[in-house]
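This report concerns only the one structure given below.
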There are 2 protein chains.
Amino acid sequence: MELLCLLNLNWSPMDNIKVIVVDDHPMVIEGMKAMLNQIRSVQVCAFASNAYEALDKVNEHLPDLVITDINMPEISGVELASKLKKDFPQIKIIGMSTFNERSYILQMMQNGADGYLIKSASKEEIEEAIVSVMNGKIYLSVDTAMTTQERRDIKTQPVLTRREKEILQLIGDGLTNPQIAEKLFISLNTVDTHRKNLLLKLDANNTASLVRQAIYFNLLYI
Amino acid sequence: MELLCLLNLNWSPMDNIKVIVVDDHPMVIEGMKAMLNQIRSVQVCAFASNAYEALDKVNEHLPDLVITDINMPEISGVELASKLKKDFPQIKIIGMSTFNERSYILQMMQNGADGYLIKSASKEEIEEAIVSVMNGKIYLSVDTAMTTQERRDIKTQPVLTRREKEILQLIGDGLTNPQIAEKLFISLNTVDTHRKNLLLKLDANNTASLVRQAIYFNLLYI
DNA sequence: CAAAAAATCCCCTGAAACAGTGAGCTGCCC
DNA sequence: GGGCAGCTCACTGTTTCAGGGGATTTTTTG
């Protein structure tokens with residue numbers, strides 16, 4: 001226990017921190033690589049453009065830190081963080097996003113992330129974030145001075161099954177339940193059941209709020 | 001005619017270009033101001049945090065160039081560009097957005113913008129954009145090499161009336177037609193008519209695609 | 001293997017949404 | 001003052017959704 005504390009809290013800046021960067025925008029990957037390369041003690045051992053690739057690379061390289069975009073197709077950064085923390089609790093995670101998506105930050109934190117960076121962060125901010133997180137602290141690059149009430153209001157990312165995601169996407173594409181049933185070769189009753197579960201999980205009471213929530217939680221690709 | 005060409009095409013870098021910056025994020029305004037101040041020949045004469053304020057400031061200062069965010073509450077940058085080009089055709093407009101919103105770019109261009117910048121653009125890119133645009137050229141900071149087919153696929157921003165926007169927002173908030181009728185003190189039939197017009201204008205055939213389209217066109221604030 | 005999770009299916013009722021058509025009233029612009 | 005856009009309201013159907021219940025089979029996972 002004491003050893004663990006030492007390990008976590010005394011990460012000397014001289015140590016070689018192995019980092020994996022995950023983002024679906026090549027521009028961001030390149031920019032991040034360039035900036036991280038200027039930071040001594042950090043070594044970018046791999047990068048990935050989606051969550052599946054990220055999980056592979058993590059298994060292969062066993063990094064100390066994963067810096068991941070929050071918004072990615074198929075599996076979001078929030079879900080990736082959740083999976084990573086479950087399988088590799090010792091790996092630190094920093095979420096990345098743009099200005100407009102402050103709403104995701106606490107979702108990310110609740111799912112295991114240790115820090116948050118805006119994509120336009122400077123080299124200094126990135127370095128500060130990495131040092132903080134590696135020392136076991138929480139780093140947030142924006143002012144997240146929220147009241148307890150506001151924190152309570154942040155909803156946790158709903159966990160959907162594969163079939164539910166599939167049906168949610170088709171609903172978002174404008175298909176009706178009968179059309180979905182025909183497309184997936186399943187009964188209308190089944191589609192109806194999935195739809196009802198989606199309404200429950202996304203805390204919606206009709207199609208409009210279902211779609212809105214789905215887009216808010218980045219579960220629908222438009 | 002020849003004089004006009006001369007005026008447009010020979011904007012010397014020594015000239016003092018009056019610029020107004022419009023963005024609802026203070027961070028972006030500050031960053032933009034800092035970067036523009038480093039560019040000689042450019043003078044930031046005002047800034048605004050929404051379209052209404054922008055129109056006031058334009059009337060007051062009569063700038064040469066307006067740099068505006070595409071995503072803003074109430075009136076979007078696309079609509080602002082359209083209004084500006086109508087009332088002040090000589091003023092150049094550069095739209096600004098984040099990585100994820102490439103879909104808006106051509107909408108913006110179709111509504112009168114002269115250039116497009118991503119928010120993470122460097123000082124050099126911004127300078128290049130301003131020089132290009134002031135010389136009557138089109139500047140796009142991302143690779144928008146789209147096929148003619150893709151260009152055709154870009155839908156033009158639908159024009160909604162005030163009442164339609166109001167009802168669209170309430171639909172997006174999850175209210176049913178009877179609830180909207182009660183809230184706005186109008187008949188259920190009226191709400192139904194507006195809803196039908198929204199479905200027509202947004203090219204949707206049910207609530208799901210209506211909400212999706214509305215968010216895509218930035219007509220719904222979530 | 002056994003438990004748990006996911007996916008499948010069925011029935012019911014009432015409410016809401018979708019589709020089509022027609023029409024009166026107001027304010028604004030040319 | 002005529003035309004136009006926007007807002008309002010009405011009527012009649014049909015289809016889909018929401019909400020409630022219960023149930024079986026397949027797949028995943030410890």
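Predicted model, so just to flag it, every value in this text is computed and none were measured. The sequence lines fix the lettering, A, B, ..., with proteins before strands; numbering per chain opens at 1.
By the side chain to side chain donor-acceptor pair (under 3.5 Å) test, B:R195 pairs with B:N177, B:T207, sequence neighbours left out. Listed by chain and number, the residues in a side chain to side chain donor-acceptor pair (under 3.5 Å) with B:N205 are B:S209 (sequence neighbours excluded). In terms of the salt bridge (charged side-chain N to carboxylate O under 4.0 Å, His left out) criterion, residue partners of A:K201 (sequence neighbours excluded) are, by chain and number, A:E164. By the salt bridge (charged side-chain N to carboxylate O under 4.0 Å, His left out) test, A:D56 is found to be paired with no residue, residues two or more places apart in sequence or in another chain being considered. Every side chain to side chain donor-acceptor pair (under 3.5 Å) that A:E53 has, sequence neighbours left out, goes to A:S49. Applying the side chain to side chain donor-acceptor pair (under 3.5 Å) test to B:S187 and every residue at least two apart in sequence or in another chain returns B:N189. By the salt bridge (charged side-chain N to carboxylate O under 4.0 Å, His left out) test, B:K196 pairs with B:D192, sequence neighbours left out.
When every heavy atom of B:L62 is checked against every heavy atom of B:K18, the shortest pair comes out as O-NZ, 3.9 Å. Of all heavy-atom pairs between A:L36 and A:I126, the closest is CD2-CG2, 3.7 Å. Residues A:D64 and A:N16 approach most closely at OD2-O, 3.7 Å, considering heavy atoms.
Going from atom CD of A:E166 over to atom C1' of C:dA6 covers 13 Å, rounded to whole Å. With rounding to whole Å, A:F185 atom CZ is found 18 Å from C:dA7 atom P. To the nearest angstrom, C1' of D:dT16 lies 13 Å from CG of A:N206. Rounded to whole Å, the distance from NZ on B:K165 to C1' on D:dC7 is 16 Å. Whole-Å rounding puts the B:L188 CG to C:dA15 P distance at 13 Å. Separating the CD atom of B:E182 from the P atom of C:dA16 is a distance of 11 Å, rounded to the nearest angstrom. Atom CG in B:L168 sits roughly 13 Å away from atom P in D:dC7 (whole-Å rounding).
Of the candidate nucleotides D:dC9, D:dA18, D:dC7, D:dC9 has the atom nearest to the side chain of B:I186. Closest approach to the A:T207 side chain among D:dC7, D:dC17, C:dC18 is made by D:dC17 (side chain taken as heavy atoms from C-beta onward).
For residues 189-199 of chain B, proximity to DNA chain D is found at B:N189, B:T190, B:T193, B:H194, defined as any non-hydrogen atom under 4.0 angstrom from a strand atom. Near DNA chain D, meaning a heavy atom under 4.0 Å away, the residues from residues 172-180 of chain A are A:T176, A:N177, A:P178.
Contact check, B:S187 against D:dA10: a side-chain N or O comes under 4.0 Å of OP1 or OP2.
Taking five base pairs at each end of the helix from C:dC1-D:dG30 to C:dC30-D:dG1 and finding the rotation axis that steps the C1' atoms of four pairs onto the next four gives two axes whose angle is 60°, to the nearest 10°.
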| Going 5' to 3' along nucleotides 24-30 of chain D, which nucleotides have protein heavy atoms under 4.0 Å from the base (write B), which only from the sugar-phosphate (write S), and which from neither (write -)? | -------
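The list of salt bridge (charged side-chain N to carboxylate O under 4.0 Å, His left out) pairs with a residue in residues 167-177 of chain B, not counting sequence neighbours, reads A:R212-B:D173.
Salt-bridge annotation for B:E60 and B:K57: absent, with no side-chain N of the basic residue lying under 4.0 Å from a carboxylate O of the acidic one.
Just one of B:V22, B:I67, B:D114, B:L65 meets the side chain to side chain contact (heavy atoms under 4.5 Å, CB included) condition when paired with B:I93; it is B:D114.
Checked by atom type and distance alone, the side chain of B:N206 pairs as donor or acceptor with a backbone atom of A:G174 at under 3.5 Å.
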